[in-house]
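Numbering starts at 1 and runs along the sequence shown. Atoms within a ligand are numbered from 1 in the order they appear, just like the ligands themselves.
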Amino acid sequence: MPAPRTLLLTGAAGGVGTLMRELLPPYGYELRLLDVVPVPGAPDAIVADLADRAALREAVRGVDAIVHLAGISLESTFDKIMAANIAGTYNLYEAAREEGVRRVVLASSNHAVGFTRRPREGEPLVPVDTPHRPDTFYGLSKCFGEDLAQLYWDLHGLETVSVRIGSCFPEPTSVRMLSMWLSPADCARLLHATLTAEDVAHTIVYGSSANTRAWWDLSTARALGFAPEDDSEVYAEKLVADKGHPPEGSADDLYLGGHFCVNPPRWPH
Ligand SMILES: NC(=O)c1ccc[n+]([C@@H]2O[C@H](COP(=O)([O-])OP(=O)(O)OC[C@H]3O[C@@H](n4cnc5c(N)ncnc54)[C@H](O)[C@@H]3O)[C@@H](O)[C@H]2O)c1
C-alpha cells in the first residue's frame, strides 16, 4: 500500500493525542482531528462522539489511515466502557469499511494482558501471543478491539496494527513505568512504523521504548521497522530513591497490569 499521508486522529484532545498532534506532522502526515470534546487550539477539529455513526462516516471519508486513540482510558462502569470503547470502536471500523479505509492503528493496552505475570530476571520477555488476561472492563474492551481488528482483516481485508501501549507520558512517574514507558518521541516513531510497514494484516505489537527493565518483547514492533531510541533507565535512580520498589508480592510487583489488577482507578464507580 502507498505510504499514507492523510490521517484521522481520534482522541485528539487526550494526552497521547495532544502529544501526537505535535510529533506526527514532521513525518509528513496531514491530520484530521476528532474528539468528543473541542480540541484546544484546533478549531477545525471534528467534535463528535464515537456513537455518532453518520459523523464517523464523514470523518473517515478520504483519509489514508486512522489512528484510533479515542475512548475511555481507565477503568469505568461497564456501560460507559461498552458505549465508548466497544460500540464506539465497532462504529469506527464500520465507517472505515464502508469508506474503504485501508488501515487502522488501534490503541490497545497492556491492560488487555494485565493479569499476566511479569518476567523475573532471566525469564523470557512476554510475547504478543500470550493469552488475553484483562485486568479490568477497560482491559476487556481492548481485548475486544484486538479481536474486532482480526475479524475485519479476515472478513474485509482491513489492516490493523494493534498497539498495546505501556505508559506514554513525557516521563515515567513510577517504578512500574520504568518497564512500560513509551516516550512521546518513540510513540511517534512507532506510529510511523505501523503506518508505513507493508502488509501488516492484523499485527499486535507492544508499545514501549527500549527500556532496560522491559517486561515484554518488542520484536513484532521492530519487524515493522520500529527502532526505539529512548530508555527509561535515565530516570531509574531518582524514581527508585523517591518511591522505592513495589512491595514483594504486591500487584505492582507481580503483574504487567500492576495496581489495575487489584485497585483500578475509579472502581467501583
Ligand atoms: N496514555 C497511555 O499511557 C496509554 C496506555 C495504554 C493505552 N492507552 C490508550 O491510548 C489511547 C489514548 O490514551 P490517552 O492517555 O491519550 O487517553 P485520554 O483519556 O487522555 O484521551 C482519550 C480521548 O478520547 C476522547 N473520547 C472519550 N470517549 C469518546 C467518545 N465516545 N467519542 C469521541 N472521543 C472520545 C476523550 O475526550 C479524550 O480526549 C486510549 O485509547 C487509551 O486507552 C494509553
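- Using modelled atom types and a 3.5 Å distance limit, the side chains of S179 and N211 yield no donor-acceptor pair.
- Looking only at protein heavy atoms, the nearest one to atom 31 (N) of ligand 1 is D49 OD1, 3.2 Å.
- The shortest non-hydrogen separation linking S141 to I81 is CB-CG2, 3.5 Å.
- Residue A51 places every heavy atom at 4.0 Å or more from ligand 1.
- Note on ligand 1: K142 sits in its first shell, one or more heavy atoms being nearer than 4.0 Å.
- Side chains of V67 and T10 form no contact here, defined as non-hydrogen atoms less than 4.5 Å apart.
- Screening V205, V128, V126 for a side chain to side chain contact (heavy atoms under 4.5 Å, CB included) with W216, the sole residue that qualifies is V126.
- Below 3.5 Å of separation, one finds no N or O of L34 facing any N or O of ligand 1.
- Ion pair E94/R53 not flagged as a salt bridge, since none of the NZ, NE, NH1 or NH2 atoms sits closer than 4.0 Å to an Asp/Glu carboxylate oxygen.
- Considering only non-hydrogen protein atoms, atom 39 (O) of ligand 1 sits nearest to D35 OD2, 2.6 Å.
- Ligand 1 does not have G207 within reach: every non-hydrogen atom of the residue lies 4.0 Å or more from it.
- Here the heavy atom of the protein found nearest to atom 40 (C) of ligand 1 is L69 O, 3.1 Å.
- For atom 3 (O) of ligand 1, the nearest non-hydrogen atom of the protein is C168 N, 2.6 Å.
- Distances from ligand 1 to the non-hydrogen atoms of S108 include at least one value under 4.0 Å.
- Shown here is E248, whose CD atom has no more than 12 heavy atoms of other residues, nucleotides or ligands within 6.0 Å.
- Using a 4.0 Å cut-off between heavy atoms, A83 makes no contact with ligand 1 at all.
- Of the protein's non-hydrogen atoms, G71 O, 3.3 Å is the one closest to atom 27 (C) of ligand 1.
- Atom 15 (O) of ligand 1 has as its closest protein heavy atom V16 CG2, 3.8 Å.
- Against a heavy-atom cut-off of under 4.0 Å, G11 is close to the following atoms of ligand 1: 23 (C), 24 (O).
- Taking only non-hydrogen atoms, the option from L50, V67, L74 nearest to atom 30 (C) of ligand 1 is L50.
- With respect to the salt-bridge test (charged N to carboxylate O, under 4.0 angstrom), the residues R118 and D253 qualify.
- A 6.0 Å sphere centred on CD of E58 holds no more than 12 heavy atoms belonging to other residues, nucleotides or ligands.
- Close contacts between ligand 1 and G166 involve ligand atoms 3 (O), 5 (C), 6 (C) [criterion: under 4.0 Å to a heavy atom].
- Here the heavy atom of the protein found nearest to atom 43 (O) of ligand 1 is Y138 OH, 2.6 Å.
- For ligand 1, the atoms sitting less than 4.0 Å from at least one non-hydrogen atom of A48 are 32 (N), 33 (C), numbered in the order shown with element in parentheses.
- Counting all heavy atoms, side chain and backbone alike, S209 lies closest to S183 at OG-N, 2.9 Å.
- In terms of protein heavy atoms, atom 29 (C) of ligand 1 is closest to V36 CG1, 3.9 Å.
- With ligand atoms numbered from 1 in the order given, ligand 1 contributes 17 (O), 18 (P), 19 (O), 42 (C), 43 (O) to contacts under 4.0 Å with heavy atoms of S73.
- For ligand 1 and A70, the ligand atoms under 4.0 Å from any heavy atom of the residue are 24 (O), 34 (N), 35 (C).
- Closest approach of H202 and S162 over heavy atoms only: NE2-OG, 2.8 Å.
- Ring-plane geometry between F260 and Y138 is classed as tilted, the angle between the planes lying from 30 to 60 degrees on a 0 to 90 degree scale.
- Per-residue contacts place A107 under 4.0 angstrom from the following atoms of ligand 1 (heavy atoms of the residue considered): 9 (C), 10 (O), 11 (C), 41 (O).
- Ring pair Y29/H192: centre-to-centre distance below 6.0 Å.
- With a 4.0 Å heavy-atom cut-off, ligand 1 is reached by no atom of R164.
- Between W181 and Y235, the gap from one ring centroid to the other is short of 6.0 Å.
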